[in-house]
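Notes follow once the structure below has been shown.
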Amino acid sequence: MLIVTREGDRRCKLRPSQCAMVALVYPLLDGTLAECDRVGDGRADYSHKHRRHAVNVQVVTDPAGRLLWLSPALPGRTHDLTAARTHRIIRICERQVVPIVADLAYQGAGPWLTTGIKRKPLQELTPTDRTRNRALAAARAPVERGVARLKSWRIFRSSRCSPNRMTSIAKAILTLEGQR
């Protein structure tokens, strides 16, 4: 299914950056942490999972692994599903009737989001579920490549600036990646 929305289309109530996000076959969604310095209290930016101060950035790529959209930075303690809901990524794709492929962190986000199947406690996955998870992992490989390309920028890997500047850095990296 290919949906193309033009900037000049009056029916499209999205910002131009969001229109670019839905003009593809199916978007791939993932979240990543960008390490940064602690400023002030810093509790909001501390990710207990990764044990460091960071900001959460949502990444949308196309099936070829090219970066299409980077979200504004949220505190590092923000869960990926909460970040996707905050930036209305799922709602926008649902309105445009575009399915999303994501990892298990986005499970329960709605019918337009396809994720793998989690194993229940003390039970194994059926062969059908394992096959489905392998197929989804293969389909999600380009978004991991896009995140790796994003983190190839040294300033995004280990930034020594305020978390408040990470949104500007993410926008600059997205612009430069588009020129590559």
Side-chain angles (χ1 to χ4, degrees), residues 17-18 21-22 24-36 42-126 128-153 156-159 163 166-167 169-170 173-174 177:
S17 62
Q18 293 172 329
M21 183 174 65
V22 295
L24 49 125
V25 178
Y26 60 93
L28 302 168
L29 175 64
D30 201 3
T32 187
L33 284 179
E35 191 175 343
C36 60
R43 282 186 235 168
D45 297 320
Y46 187 76
S47 171
H48 288 279
K49 179 180 177 184
H50 297 279
R51 296 186 179 151
R52 62 184 51 144
H53 291 275
V55 291
N56 185 331
V57 176
Q58 298 297 301
V59 179
V60 177
T61 65
D62 65 356
R66 289 184 301 267
L67 295 173
L68 295 176
W69 185 74
L70 297 175
S71 72
L74 289 176
R77 68 179 180 192
T78 308
H79 190 271
D80 285 345
L81 181 56
T82 305
R85 286 180 175 153
T86 301
H87 297 301
R88 297 187 176 121
I89 299 168
I90 298 165
R91 185 179 295 167
I92 289 167
C93 290
E94 186 176 344
R95 264 194 225 139
Q96 297 291 327
V97 193
V98 176
I100 311 168
V101 178
D103 61 1
L104 289 174
Y106 300 92
Q107 198 168 37
W112 290 102
L113 201 118
T114 305
T115 62
I117 298 172
K118 286 185 180 176
R119 180 182 64 84
K120 293 179 183 167
L122 304 175
Q123 291 182 353
E124 293 297 322
L125 288 175
T126 64
T128 307
D129 291 343
R130 277 189 293 213
T131 305
R132 180 175 180 232
N133 282 353
R134 274 192 214 109
L136 282 172
R140 284 193 59 255
V143 75
E144 299 299 339
R145 198 167 42 247
V147 169
R149 192 164 181 171
L150 176 66
K151 290 198 172 188
S152 70
W153 292 84
F156 204 78
R157 253 191 339 265
S158 57
S159 176
M166 290 305 289
T167 299
I169 291 170
I173 290 173
L174 182 63
E177 276 292 325

Worked verdict on Ile90 versus Leu113 for side-chain contact (heavy atoms from CB on, under 4.5 Å): CA-CA 7 Å; Ile90 298 165; Leu113 201 118; 3.8 Å; yes

Verify side-chain contact (heavy atoms from CB on, under 4.5 Å) between Tyr106 and Asp80, making sure each step is shown before the conclusion. CA-CA 7 Å; Tyr106 300 92; Asp80 285 345; 3.4 Å; yes

Report the C-alpha distance between Thr61 and Leu68 in whole Å, list the side-chain angles of each, state the deciding distance to 0.1 Å, and finish with yes or no for side-chain contact (heavy atoms from CB on, under 4.5 Å). CA-CA 5 Å; Thr61 65; Leu68 295 176; 5.5 Å; no

In sequence, state the C-alpha distance, the side-chain angles, and the governing distance for Thr114 and Ile100, and then conclude on side-chain contact (heavy atoms from CB on, under 4.5 Å). CA-CA 6 Å; Thr114 305; Ile100 311 168; over 6 Å; no

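Between Val98 and Pro27 the shortest side-chain heavy-atom distance falls below 4.5 Å. At a threshold of 4.5 Å between non-hydrogen side-chain atoms, the residues Ile169 and Trp153 do not count as touching. When side chains are defined from C-beta on, Cys93 does not count as touching Pro99, because their heavy atoms never get closer than 4.5 Å.
Residues satisfying the side chain to side chain donor-acceptor pair (under 3.5 Å) test with Thr32, not counting sequence neighbours, are Lys151. Applying the side chain to side chain contact (heavy atoms under 4.5 Å, CB included) test to Thr126 and every residue at least two apart in sequence or in another chain returns Thr128, Asp129. Under the rule for a side chain to side chain contact (heavy atoms under 4.5 Å, CB included), Ala148 has no partner lying at least two apart in sequence or in another chain. With sequence neighbours excluded, the residues that form a salt bridge (Lys or Arg N to Asp or Glu O under 4.0 Å) with Arg66 are Asp62.
The local environment of CZ in Arg119 is crowded, with over 12 non-hydrogen atoms from other residues, nucleotides or ligands closer than 6.0 Å.
Between Ala73 and Met166, the shortest heavy-atom distance links the atoms CB-CB, 4.0 Å. Listed here is the closest heavy atom pair of Ala84 and Leu29: CB-CD2, 4.3 Å. In plain terms, the two heavy atoms of Leu28 and Pro63 that are nearest each other are CD1-CA, 4.0 Å.
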Atom pairs and distances, donor-acceptor, side-chain atoms in residues 131-143, under 3.5 Å, two or more places apart:
{"residue": "Thr131", "atom": "OG1", "partner": "Pro127", "partner atom": "O", "Å": "2.8"}
{"residue": "Asn133", "atom": "OD1", "partner": "Ile117", "partner atom": "N", "Å": "2.8"}
{"residue": "Asn133", "atom": "ND2", "partner": "Ile117", "partner atom": "O", "Å": "3.0"}
{"residue": "Arg140", "atom": "NH2", "partner": "Asp30", "partner atom": "OD2", "Å": "3.4"}
{"residue": "Arg140", "atom": "NH2", "partner": "Glu144", "partner atom": "OE2", "Å": "2.7"}

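Looking only at distances, a side-chain donor or acceptor of Asn56 sits under 3.5 Å from a matching main-chain atom of Thr78. Between the side chain of His87 and the backbone N or O of Ile89 there is no donor-acceptor pair closer than 3.5 Å. Judged by distance alone, the side chain of Ser71 and the main-chain N or O of Gln58 form a donor-acceptor pair under 3.5 Å.
Between the OG1 atom in Thr115 and the CD atom in Gln107 there is a gap of 4.5 Å [rounded to 0.5 Å].
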